[in-house]
Amino acid sequence: MSRGRGLLRALATLLLAVLLPAQAHTTPQVVDIPTRPGVTQRLLVLAPPQPRATVLLLAGGHGGLRIFPNGSMQWGAGNFLVRSRQLFVDQGLLVVVVDAPSDRQSPPYLSGFRQTAGHVADLKAVIAWARERAGVPVWLVGTSRGTESAAYVVTELTGPDGPDGVVLTATLMTDPRGRPVPAMPLGNIRVPVLLVHHAQDGCAQCAFSWVPTLKSRLANAPRTGVLAYQGGESRGDPCEAFAFHGFNGLEAEVVQQTAAWLLAK
């Protein structure tokens, strides 16, 4: 009888494994790759068993996560993309959280650096590394000021050196400190672009009313889309990660729909 019960338990376990969606809670890996002469780029990598695509997550703010060897970080853990990284893995995506490079590990970190040749060189190396590692499409995904990095890089890197697509979440539409995303040479972009925005975003530099204008300037992108959200919870500074600006309370829905869009053929 005990042998029979053991067999039944084994069959039940196997059936659950087949019927329930896999939640790929993998051990994060910290990787340092060379980019420019004397410069390395630290990455936090989370990989599902069989990735369908890779997403390079670019945080907003000053971007200096300062990732420790154990995978924790000194700053930015609450950033929308950073705190949602496991949700992307659960959608079958290999996740690469991108820190500031080794020569930008002190203030001002990425501030004033996001639209430079050095930043493009760093992300070019990361794209190449990610493509070689998994052999699947590589997408840049930026949020808030991280959209300046993602959009600028994709205007500069075309063809095999560039990403296979880009997702801009809570895009920086105006910027008193520099060039915002709508002012970039967006006609250079020839890969799919998804705009993800909260209709109630209270950050003055990320007004939802700009979304149609931004989309209209992506004339040469082969595929464009908009995911607009309402509701959730807004706490604190309207330009910070736990306001509507950071899709607070909507993370699972936003990630699932973003992943579905970028994986669609």
Side-chain angles (χ1 to χ4, degrees), residues 28-47 53-77 79 81-82 85 94-168 172 175 177-181 183-186 188-191 193:
Q29 178 186 13
V30 175
V31 178
D32 294 300
I33 66 169
T35 55
R36 293 169 280 126
V39 175
T40 58
Q41 177 71 66
R42 176 158 288 186
L43 312 170
L44 178 62
V45 182
L46 298 88
T54 296
V55 287
L56 309 183
L57 304 185
L58 308 176
H62 58 59
L65 301 176
R66 287 158 286 171
I67 297 171
F68 295 114
N70 67 358
S72 64
M73 56 197 72
Q74 189 170 342
W75 178 89
N79 175 267
L81 293 178
V82 177
R85 58 191 181 274
L94 190 152
V95 168
V96 180
V97 180
V98 183
D99 201 349
S102 60
D103 62 343
R104 307 287 298 190
Q105 283 290 302
S106 59
Y109 305 104
L110 294 181
S111 297
F113 184 71
R114 292 186 185 273
Q115 298 183 52
T116 66
H119 195 40
V120 171
D122 292 338
L123 290 178
K124 176 182 176 182
V126 175
I127 292 167
W129 175 87
R131 190 167 278 138
E132 181 178 356
R133 175 183 171 118
V136 294
V138 177
W139 286 64
L140 290 179
V141 184
T143 195
S144 193
R145 199 165 288 278
T147 61
E148 290 190 330
S149 292
Y152 182 71
V153 166
V154 82
T155 64
E156 291 288 308
L157 293 179
T158 57
D161 289 336
D164 296 280
V166 62
V167 179
L168 305 177
L172 213 70
D175 187 1
R177 292 189 283 169
R179 181 172 58 169
V181 172
M184 294 181 187
L186 302 179
N188 293 349
I189 299 177
R190 287 174 166 78
V191 295
V193 181

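Not measured: the values here are computed from a predicted model.
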*With rounding to the nearest 0.5 Å, note down the distance linking OG in Ser149 to CG in Leu56.*
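Ser149 OG to Leu56 CG: 11.5 Å, rounded to 0.5 Å.
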*Gap separating the CG atom of Leu43 from the CG atom of Asp32, nearest 0.5 angstrom*: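 Interatomic distance, Leu43 CG to Asp32 CG, rounded to 0.5 Å: 7.5 Å.
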*asked:* Is there a side chain to side chain contact (heavy atoms under 4.5 Å, CB included) between Met73 and Val82? Walk through the geometry before answering.
replied: CA-CA 10 Å; Met73 56 197 72; Val82 177; 3.6 Å; yes
Please tell me if the side chains of [X] and [Y] come closer than 4.5 Å, counting only heavy atoms from C-beta onward.
X      : Y      : result
Arg145 : Leu110 : no
Arg133 : Leu94  : yes
Leu65  : Val97  : yes
Thr54  : Val96  : yes

*Applying side chain to side chain contact (heavy atoms under 4.5 Å, CB included) between Leu58 and each of Thr143, Val141, Leu123, report the one that passes.*
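Considering Thr143, Val141, Leu123, a side chain to side chain contact (heavy atoms under 4.5 Å, CB included) with Leu58 is found only for Leu123.
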With distance as the sole test, does [X] use its side chain to make a donor-acceptor pair with the main-chain N or O of [Y] at under 3.5 Å?
X      : Y      : answer
Gln105 : Ala100 : yes
Gln41  : Asp99  : yes
Arg66  : Gly64  : yes
Arg42  : Ile67  : yes

*With the threshold set at 4.0 Å, does a side-chain nitrogen-carboxylate oxygen contact exist between Arg104 and Asp122?*
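Salt bridge between Arg104 and Asp122, a charged N being under 4.0 Å from a carboxylate O: no.
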*I would like to know whether Glu148 and Asp175 meet side chain to side chain contact (heavy atoms under 4.5 Å, CB included); could you show each step before the answer?*
CA-CA 10 Å; Glu148 290 190 330; Asp175 187 1; 2.9 Å; yes
Nearest heavy-atom pair of [X] and [Y]: which atoms, and what distance?
X      : Y      : result
Gly60  : Asn79  : N-ND2, 3.4 Å
Leu168 : Ala150 : CD2-CB, 3.9 Å
Arg36  : Gly118 : NE-O, 3.4 Å
Gly38  : Ser102 : O-OG, 4.2 Å
Thr155 : Pro185 : CG2-O, 3.6 Å
Thr35  : Ala125 : CG2-CB, 3.7 Å

Compile the donor-acceptor pairs under 3.5 Å between side chains in residues 156-166 and protein atoms, sequence neighbours left out, one pair per line.
from: Asp164; atom 1: OD2; to: Arg131; atom 2: NH2; distance (Å): 2.8
from: Asp164; atom 1: OD2; to: Val138; atom 2: N; distance (Å): 2.7

*Check against side chain to side chain contact (heavy atoms under 4.5 Å, CB included), Val45 and Val95*: CA-CA 6 Å; Val45 182; Val95 168; over 6 Å; no
*Just checking, any donor-acceptor pair under 3.5 angstrom between side chains of Arg179 and Gln115?*
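Present: a donor and an acceptor within the cut-off.
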*Pairs in or reaching into residues 119-167: which pass ring pair (Phe, Tyr, Trp, His ring centres under 6.0 Å), with residues at least two apart or in two chains?*
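Applying ring pair (Phe, Tyr, Trp, His ring centres under 6.0 Å) to every pair that reaches into residues 119-167, excluding sequence neighbours, yields Phe113-His119.
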